[in-house]
Amino acid sequence: MSGLVLLSLMPTVLLGFAALLSAAELQRFEHAAKADGSLSLLVVGDWGRRGAYNQTEVALQMGITGEKLDIDFIISTGDNFYEGGLNGVEDPAFYESFTRIYTAPSLQKQWYNVLGNHDYRGDVEAQLSPVLREMDSKWLCLRSFIVNTEIAEFFFVDTTPFVNKYFLEPEDHVYDWSGILPRKSYLSNLMEDLDMALKESVAKWKIVVGHHTIKSAGQHGNTVELNLQLLPILQANNVDLYINGHDHCLEHISSSESPLQFLTSGGGSKAWRGDVTWWDPKEMKFYYDGQGFMSVQITQNEVDVVFYDVSGEVLHKWSRTKRISSAVL
């Protein structure tokens with residue numbers, strides 16, 4: 001694919017999407033589903049380690065699964081480059097941790113990436129820069145944005161600025177907050193824009209993607225700030241899935257408060273933390289403390305989620321159906 005500099009000027013028939021501005025101010029990308037209206041994608045997070053910690057092996061299995069499912073795109077849940085993001089657009093880590101690793105033909109589809117806390121320890125603008133898209137056209141990273149496929153709408157949320165400790169107790173880390181400050185206004189605008197976009201969405205399936213956990217039994221556990229500020233917005237707008245990384249595991253938690261499902265795909269490289277908190281088994285559907293990735297297949301009336309380990313073995317499956325409304329019959 002050619003570089004994505006002026007997305008709105010690229011032919012949708014060639015790239016599968018075009019950039020527009022939504023009424024809610026979040027940049028919107030149109031990505032066509034298959035001719036039959038279905039959609040297939042892979043999700044991986046917490047991966048960028050120049051192939052180490054089984055990153056290459058996970059990428060290999062992603063390529064195999066991606067071909068079988070004829071995927072339309074890939075989602076990265078953040079922490080794209082360890083340990084401290086990129087130091088600029090010429091940082092060799094971009095090639096060594098991304099382009100050189102994800103080489104399978106099926107993975108040369110569009111990658112939609114969010115930022116993680118480790119990415120904020122480097123030059124954030126580098127990951128957002130169109131220069132990277134010129135270097136590898138499958139790369140697309142923004143702070144918060146929307147991908148509309150008609151059948152499903154994906155809302156990508158910049159979760160790192162929500163977390164207080166990165167501002168109040170950064171330890172030895174230096175975070176790049178350019179474009180974020182004043183923080184209160186940034187978060188207020190983001191939540192307002194997200195709420196408006198979710199309310200305006202007419203998609204059959206609404207899926208929100210962020211780096212940080214809302215609910216997790218892993219090392220980082222629940223993100224308090226997201227439970228207080230983001231979760232009520234998702235519940236009020238009937239979001240179906242919240243997909244995240246941050247905890248280096250694979251995980252599925254259901255909710256007793258709403259149909260919302262919490263899916264963690266953070267096993268792109270370093271894992272096996274061995275730090276798992278007890279969780280109510282009525283809500284904890286699956287937990288795997290190792291490397292792997294996730295697939296999502298969507299039709300008008302069904303979504304199917306599958307978790308895979310580093311060898312490509314299926315670890316967990318989950319499905320949900322929705323009745324097709326008379327409006328689409």
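Below, each value reflects all heavy atoms present in this structure, side chains not excepted, and no hydrogens, waters or symmetry copies.
- Rounding to the nearest 0.5 Å places NZ of K109 at 5.5 Å from CG of D70.
- Note that the CG atom of L226 and the OH atom of Y242 stand 5.0 Å from one another [nearest 0.5 Å].
- At distances below 3.5 Å, not a single donor-acceptor pair connects side-chain atoms of D91 with backbone N or O atoms of G88.
- Shown here are the side-chain hydrogen bond (donor to acceptor under 3.5 Å, both in side chains) partners of D240, two or more places apart in sequence or in another chain: K322.
- Under a 3.5 Å cut-off, the side chain of H248 and the backbone N or O of G267 do not form any donor-acceptor pair.
- More than 12 heavy atoms of other residues, nucleotides or ligands shown are found within 6.0 angstrom of CZ on F162.
- Side-chain atoms of E302 and S319, non-hydrogen and from C-beta on, do get closer than 4.5 Å to each other.
- Considering every non-hydrogen atom in both I298 and W205, the closest pair reads CG2-CD1, 3.4 Å.
- Salt-bridge check for E125 with R143: passed, with a basic side-chain N closer than 4.0 Å to an acidic carboxylate O.
- A ring-centre distance under 6.0 Å is found for F94 and W139.
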* Begin with the C-alpha distance, continue with both residues' side-chain angles, and end with the deciding distance and a verdict on side-chain contact (heavy atoms from CB on, under 4.5 Å) for S216 and F262. => CA-CA 8 Å; S216 175; F262 302 91; over 6 Å; no
* Are F156 and L142 close enough, and set up right, to give a side-chain contact (heavy atoms from CB on, under 4.5 Å), and what steps lead you there? -> CA-CA 9 Å; F156 293 78; L142 298 173; over 6 Å; no
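- Using a 4.0 Å cut-off between a side-chain N of Lys or Arg and a carboxylate O of Asp or Glu, K204 and E150 do not qualify as a salt bridge.
- Residues L60 and M294 do not share a hydrophobic cluster, defined by chaining ILVMFWY side chains whose heavy atoms lie under 4.5 Å apart.
- Note that OH of Y95 and CZ of R100 are 7.0 Å apart. Values are rounded to the nearest 0.5 Å.
- If you check the side chains of Q55 and Y102, you find a donor sitting under 3.5 Å from an acceptor.
- Within the 4.5 Å cutoff, no side-chain heavy atoms of V114 are placed close to those of T159.
- The residues D72 and K34 are annotated as salt-bridged, a charged nitrogen and a carboxylate oxygen being separated by less than 4.0 angstrom.
- Residue L107 holds its CG atom at 9.5 Å from OG1 of T65, rounded to the nearest 0.5 Å.
- Side-chain rings of Y120 and W177 approach one another, their centers coming within less than 6.0 Å.
- The number of heavy-atom neighbours closer than 6.0 Å to CD of E83, taken from other residues, nucleotides and ligands shown, is above 12.
- Atom CH2 of W279 and atom CG of N222 lie 4.0 Å apart (nearest 0.5 Å).
- Residues K206 and N237 come closest through the heavy atom pair NZ-O, 2.7 Å.
- When ring centroids are compared, F98 and W111 come within the 6.0 Å threshold.
- Using a 4.5 Å heavy-atom cutoff, the side chains of S256 and E283 are in contact.
- Y82 and Y53 are members of different hydrophobic clusters when ILVMFWY side chains are connected at heavy-atom separations under 4.5 Å.
- From K199, atom NZ reaches atom CE of M196 across 9.5 Å, with rounding to the nearest 0.5 Å.
- F167 and P161 make their closest contact through CE1-O, 3.5 Å (heavy atoms, listed as atom of the first residue, atom of the second, distance).
- In the model, E257 has a side-chain atom that pairs as donor or acceptor with a side-chain atom of Q235 under 3.5 Å.
- The one candidate from V163, L228, I214, L231 that meets the side-chain contact (heavy atoms from CB on, under 4.5 Å) condition with T223 is V163.
- Put simply, V305 and L39 are part of the same group of oily side chains (I, L, V, M, F, W, Y) that touch within less than 4.5 Å, one to the next.
- Side-chain polar atoms of D247 and T213 form no donor-acceptor pair below 3.5 angstrom.
- Remark: side-chain polar atoms of D119 are paired, donor with acceptor, to backbone N or O of D79 under 3.5 angstrom.
- Taking the side chain as every heavy atom from C-beta outward, L132 and L86 approach each other to under 4.5 Å.
- Using modelled atom types, one side-chain atom of S269 and one backbone atom of W47 make a donor-acceptor pair closer than 3.5 Å.
- For the pair I146 and A197, the tightest heavy-atom approach, listed with the atom from each and the gap, is CD1-CB, 3.7 Å.
- Ring centroids of H31 and Y112 are separated by less than 6.0 Å, placing the two rings close together.
- Between W272 and Y288, the angle of the ring planes goes over 60°, which puts this pair in the perpendicular group of the 30/60° scheme.
- Remark: the N244 side chain and the T77 side chain contain no N/O donor-acceptor pair separated by less than 3.5 Å.
- Linking Ile, Leu, Val, Met, Phe, Trp and Tyr residues whenever their side-chain heavy atoms come within less than 4.5 Å places L42 and V314 in a single cluster.
- If you run side-chain hydrogen bond (donor to acceptor under 3.5 Å, both in side chains) between T264 and each of E251, H252, H246, only E251 comes through.
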* Please lay out, stage by stage, how V310 and Q61 fare under the test side-chain contact (heavy atoms from CB on, under 4.5 Å). => CA-CA 7 Å; V310 68; Q61 295 303 326; 5.9 Å; no
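- The nearest pair of heavy atoms linking A93 to F81 is O-CE2, 3.6 Å.
- The backbone N or O of I253 lies less than 3.5 Å from no partner atom in the side chain of K215, so there is not a single donor-acceptor pair.
- Across V58 and Q291, no two heavy atoms sit closer than the pair CG2-CB, 3.9 Å.
- Hydrophobic clustering (side-chain heavy atoms under 4.5 Å, transitive across Ile, Leu, Val, Met, Phe, Trp, Tyr) groups L181 together with L190.
- Counting only residues at least two apart or in different chains, salt bridge (Lys or Arg N to Asp or Glu O under 4.0 Å) contacts with residues 39-48 are absent.
- Ring-centre distance between F29 and F73: not below the 6.0 Å cut-off.
- The backbone N or O of R50 sits less than 3.5 Å from a side-chain atom of S97, completing a donor-acceptor pair.
- When the options N117, N80, D158 are evaluated for a side-chain hydrogen bond (donor to acceptor under 3.5 Å, both in side chains) with H211, the one that passes is N117.
- In this structure, a donor-acceptor pair under 3.5 Å is absent between the side chains of N113 and Q127.
- There is a side-chain donor-acceptor pair under 3.5 Å between R183 and N164.
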* To do: Determine, step by step, whether L250 and S265 satisfy the side-chain contact (heavy atoms from CB on, under 4.5 Å) criterion, reporting the C-alpha distance in whole Å, the side-chain angles of both residues, the deciding distance to 0.1 Å, and the verdict.
  => CA-CA 5 Å; L250 305 174; S265 184; 4.2 Å; yes
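- Judged by distance alone, the side chain of D195 and the main-chain N or O of I233 form no donor-acceptor pair under 3.5 Å.
- Between L241 and R320, the closest side-chain pair of non-hydrogen atoms is not below 4.5 Å.
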